[in-house]
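All values reported here derive from a predicted model rather than from experimental measurement. All values below were derived from every heavy atom in this structure, side-chain atoms included, with hydrogens, water molecules and symmetry-related copies excluded.
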Amino acid sequence: MIRGALLAWTTIAEKQPLLTLAATNGTLGGVGDLLAQAIEHHNTKDGGRFKWNTARTLRFVTWGALCAPVFHKWYMFINTRIPLATKGRPFALSLAKRVAMDQLLFAPLGIAGFFIGMNFMEGRNWESARIRLREYYLPTMAANYAVWPAVQTVNFGWVPTLYRVPFCSVVSIFWNAFISWANAQSASAVDLPEETPHILIKPLHQEAVLPTTKA
């Protein structure tokens, strides 16, 4: 059954790659957010009924769908710029260059784009985006480098290009769930604004408060 579903997905993706990847990535982003919300609710231990923040999930679906074509084009660009099977170039060296290019160029821009994009989907203004970046950008980058270089090593080295975006999305579901669970155990954890990569981390300045004025 799973193999049949994968074959069907592959057939559709080969004909309409960007549309298929957008739908898949958006769906997985929504699943990841719903799971994170459930874990966050469980860790509050308030005994109340779980209330699904559908607006937040919809924002993750939208973000995932919009980003999927960009990710796919980026992976294809890396394929072209740094081929793995090049005569005279060791596989390991080429793979390391791919990961470095992704993590030093694309990841910083992607995380900044995430905070800015989610900020405006919440209806907040530029001042809110500026504070969000100031307080949470560097801690989020540190969390990114703790996990994603290893994930992208596998992705760039052994996952076919068509499956790279879904592969990252599936990893994100479990990564987000773990981070939501692990960090909620800390009494010193500080809630991020409504949308983050599901990472509960301390802002650089404890007194930071996002403006509530909408754009």
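The OH atom of Y75 lies 7.5 Å from the CD1 atom of I78; values are rounded to the nearest 0.5 Å. In this structure, CZ on F120 lies 14.0 Å from CZ on R59, to the nearest 0.5 angstrom. D102 CG to Q152 CD: the interatomic distance, rounded to the nearest 0.5 Å, is 4.5 Å. Note: C168 SG to I173 CD1 = 12.0 Å, rounded to the nearest 0.5 Å. Atoms OG1 and CG, from T57 and D33 in turn, are 3.5 Å apart once rounded to the nearest 0.5 Å. Rounded to the nearest 0.5 Å, atoms CD1 (I131) and CZ (F115) are 13.5 Å apart.
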Discussion item. Run E14 and T20 through side-chain contact (heavy atoms from CB on, under 4.5 Å) and show every step you take.
Written reply: CA-CA 9 Å; E14 287 175 344; T20 306; over 6 Å; no
Worksheet item: Are F77 and R81 close enough, and set up right, to give a side-chain contact (heavy atoms from CB on, under 4.5 Å), and what steps lead you there?
Response: CA-CA 6 Å; F77 173 75; R81 296 292 298 176; 3.4 Å; yes
Worksheet entry | K15/T10 under side-chain contact (heavy atoms from CB on, under 4.5 Å): CA gap, chis, key distance, verdict | CA-CA 9 Å; K15 295 178 180 178; T10 302; over 6 Å; no
Fill in: side-chain contact (heavy atoms from CB on, under 4.5 Å) between T161 and N79, worked out
CA-CA 8 Å; T161 304; N79 285 354; 2.6 Å; yes
Worksheet item: Are W158 and F91 close enough, and set up right, to give a ring-ring contact (aromatic ring centres under 6.0 Å, His included), and what steps lead you there?
Response: CA-CA 11 Å; W158 293 277; F91 172 85; 5.6 Å; yes
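Nearest approach of L21 to A68, heavy atoms of both residues: O-CB, 3.4 Å. Scanning both residues, P17 and L162, for their nearest heavy atoms gives CB-CD1, 4.3 Å. Considering every non-hydrogen atom in both M141 and I111, the closest pair reads SD-CD1, 3.3 Å. Minimum heavy-atom separation, N144 to A107: ND2-CB, 4.1 Å.
Judged by distance alone, with hydrogens and angles left aside, the side-chain atoms of H72 form no donor-acceptor pair with the main-chain N or O of Y163 at under 3.5 Å. Although no hydrogens or angles enter the test, the distance criterion places no donor-acceptor pair under 3.5 Å between the side chain of Q103 and the main chain of Y145. Judged purely by atom type and a 3.5 angstrom limit, R124 has no side-chain atom pairing as donor or acceptor with the backbone of N119.
Between W175 and V151 the shortest side-chain heavy-atom distance does not fall below 4.5 Å. Between F50 and H42 the shortest side-chain heavy-atom distance does not fall below 4.5 Å. Contact annotation: the side chain of L28 never approaches that of F60 to less than 4.5 Å [non-hydrogen atoms, C-beta and beyond]. Taking 4.5 Å as the limit, some side-chain heavy atom of P166 sits within range of a side-chain heavy atom of W9. No side-chain heavy atom of F114 sits less than 4.5 Å from a side-chain heavy atom of T140. In this structure, the side chains of W63 and M121 come closer than 4.5 Å at one or more pairs of heavy atoms. Contact annotation: the side chain of L35 approaches that of I39 to within less than 4.5 Å [non-hydrogen atoms, C-beta and beyond].
Cluster annotation: L138 and I116 are assigned to the same hydrophobic cluster (Ile/Leu/Val/Met/Phe/Trp/Tyr, side-chain heavy-atom contacts under 4.5 Å, transitive). Note on L58 and W52: separate hydrophobic clusters, where clusters join Ile, Leu, Val, Met, Phe, Trp and Tyr whose side-chain heavy atoms are under 4.5 Å apart, directly or indirectly. Tracing side-chain contacts under 4.5 Å through hydrophobic residues (I, L, V, M, F, W, Y), one reaches L95 starting from V154; they form part of the same cluster.
No close placement of the W74 and F71 rings is indicated, their centers lying 6.0 Å or farther apart.
Residues R130 and N125 bring no donor and acceptor atom of their side chains to less than 3.5 Å of each other.
Remark: E40 engages R56 in a salt bridge, criterion side-chain N to carboxylate O under 4.0 Å. The pair E127-R132 fails the salt-bridge criterion, with no side-chain N (NZ, NE, NH1 or NH2) lying under 4.0 Å from an Asp/Glu carboxylate O.
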